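Chain naming here is simple, since letters A, B, ... match the order of the sequence lines and numbering starts at 1 in each. Computed from a prediction, not measured in an experiment: that's the story for all the values here. All values below come from the heavy atoms of this structure, side chains included, with hydrogens, waters and symmetry mates left out.
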There are 2 protein chains.
Amino acid sequence: MSDRCVSKQTLQRLPAYLNYLRGPGKGLKKHVSATMIAEALGLNDVVVRKDLASVSSSGRPKVGYVRSELIRELEKFLGYDNSQDAVLVGAGKLGQALMAYSGFPQYGLNILAGFDSDPRLEGAEVAGKKILAMDKLPGLCRRVGVHIGIITVPGEHAQAVCDQLIDSGILAVWNFANAHLSVPEGILVQNENMAVSLALLSNHLKEVFSTK
Amino acid sequence: MSDRCVSKQTLQRLPAYLNYLRGPGKGLKKHVSATMIAEALGLNDVVVRKDLASVSSSGRPKVGYVRSELIRELEKFLGYDNSQDAVLVGAGKLGQALMAYSGFPQYGLNILAGFDSDPRLEGAEVAGKKILAMDKLPGLCRRVGVHIGIITVPGEHAQAVCDQLIDSGILAVWNFANAHLSVPEGILVQNENMAVSLALLSNHLKEVFSTK
DNA sequence: TAGATTGTTAATCGATTAACAATC
DNA sequence: TAGATTGTTAATCGATTAACAATC
């Protein structure tokens, strides 16, 4: 494997490049240059070039990259090409919205089923996906070999759910709950933390108004 | 104002501190130390101390911080204490889930109304909030003085919606669409980008399995 | 050949960490 | 006084940027 160890910053920018490359077909030239991408996304061109170098080796001086080739390389690197199974715990409004979201398959995520402790939800279906009782969780995860768990329960239950997921063999947790999760070494917690985003928004407004 | 210019990294950690401080009431001592927080959250204690120093001046050697005081200072700094109005564009599944989410008020966000171009949604209500036609957007924003816009439309429409929001006086955009948004100087775009999160999750799993 | 573009090596910048002084 | 803790100043580390060499 040549594609190991990319910095987190780089990894966060790669999806934006892919997005741009896939983007509006107008002016679909066969080749793209790092400079073009950088300009469109408001980044430094050397950053883009360096990022792309860690993903692709198809860039050629004077020519640039072949768009379609670069797209494929990015998709492969980001794991969008082979789907990963996931389970979701907490089938409330947000959970159901995620279960129904049709965009995940194209990012290589396949939510197998939802789980909820509320017996009234048991057996219900969202977008063709079953909502199951919590006691079914370990069995399914083990059997199918699921490694991604999505947490959309209220904050106060998040840690308990997280522990159950890890007991069931989950290696990466996507946490939508507003709680800090403690996990053993080797488990990744990716926080989709609304509170952080809101803090950044609010801080921006504060700055805008304080300099006026 | 003493509380200007905190680094982005710091700003992203502050909500986690607040969360921890508010957290499970067990062992609610009156005082907390930076070391305690750092340990609980898996951070370096100097980082925590430095972050807190930029928000609070109530830390006392040997004693630490008064928990309740620190909570109030963090809430104030993060703008969670005085609510900001927001509009949401794109009242699909995700949009409705956000409109219905009851946790936002405690983070100082108040979604006034949803907007959608689909006439069938016009007039509908979600959690007591109206869904309105797009042509009502500028009027409402101007009249009430809304500065935050939330975008939950499909990626291909995101830029057009973003432009409309900015025309309506929006200064900060919370973007859930999978699209890069170009905005004029002085406007903040905060991306809640699922694609980025998924890339990080997938990369983690790749690393786990490649080192085995 | 000349120009555009890639990719690499060195310089700069900012954030984190380490060491230490101040203080209750 | 001694110990714990804050907060500051200096050292380290990593990422970004700048300069340049390689190449089609």
Which is more 5' along DNA chain D, the nucleotide nearest A:Arg60 or the one nearest B:Ser33? Just name the residue. B:Ser33
A:Thr35 side chain, from C-beta outward: closest of C:dT17, C:dT6, D:dT16: C:dT6
Side chain of A:Val46 only, heavy atoms from C-beta on: which candidate in C:dT17, D:dT6, D:dA18 is closest? D:dA18
Over all strands shown, is B:Ser7 touching base, sugar-phosphate only, or nothing at heavy-atom distances under 4.0 angstrom? sugar-phosphate
Between B:Phe115 and the options B:Leu137, B:Leu88, B:Val153, the side-chain contact (heavy atoms from CB on, under 4.5 Å) test singles out B:Leu137
Rounded to whole Å, the CG-C1' distance (A:Leu70 to C:dT5) equals 15 Å
Could you check B:Trp174 against B:Tyr107 for ring-ring contact (aromatic ring centres under 6.0 Å, His included), going step by step and ending with a plain yes or no? CA-CA 14 Å; B:Trp174 195 8; B:Tyr107 298 113; 9.9 Å; no
In whole Å, I'd like the distance from the CD1 atom of B:Ile37 to the C1' atom of D:dT6. 13 Å
Starting at NZ of A:Lys76, measure out to CZ of A:Arg72 and round the result to the nearest 0.5 Å. 11.5 Å
From C-beta outward on A:Val47, which listed nucleotide comes closest to its side chain: C:dA4, D:dT6, D:dT17? D:dT17
Rounding to a whole Å, what distance do you find between A:His31:NE2 and C:dT5:P? 12 Å
For B:Glu39, I'd like to know if atom CD has over 12 heavy atoms of other residues, nucleotides or ligands within 6.0 Å. no
Proximal nucleotide (of D:dT5, D:dT23, D:dT17) relative to the B:Pro61 side chain: D:dT5
Could you let me know what D:dG14 is paired to, Watson-Crick or G-U wobble, both distances under 3.5 Å, or none if it's on its own? C:dC13
If you round to the nearest 0.5 Å, how far is CG of B:Leu18 from CD1 of B:Ile37? 10.0 Å
Roughly how many Å is it from NZ in A:Lys50 to P in D:dC20, rounded to a whole number? 17 Å
Distance-minimising heavy-atom pair for A:Pro138 and A:Ser168: CA-OG, 3.4 Å
Using purine N1 to pyrimidine N3 plus N6-O4 or O6-N4 for Watson-Crick, or N1-O2 and O6-N3 for G-U wobble, both under 3.5 Å, which nucleotide pairs with D:dC20? C:dG7
Nearest-nucleotide 5' precedence on DNA chain C, A:Leu52 against B:Lys8: A:Leu52
Measure CD/B:Gln12 against P/C:dG14 and give the value in whole Å, please. 17 Å
Distance check: side-chain N/O of A:Arg49 vs OP1/OP2 of C:dG7, anything under 4.0 Å? no
Quickly work out the A:Gln9 CD to C:dC13 P distance and round it to whole Å. 19 Å
Quick one: B:Met36 CE to D:dT5 P, roughly how many Å, whole number? 10 Å
Would you say B:Arg13 reaches C:dA15's phosphate, i.e. side-chain N/O to OP1/OP2 under 4.0 Å? no
Could you please name the option among C:dG7, C:dC24, D:dT17 that lies closest to any side-chain atom of A:Tyr65? C:dG7
Among C:dA18, D:dA15, D:dT6, the one nearest any side-chain atom of B:Asn44 is C:dA18
Specify the separation, in whole Å, of atom NZ of A:Lys62 and atom C1' of C:dG7. 18 Å
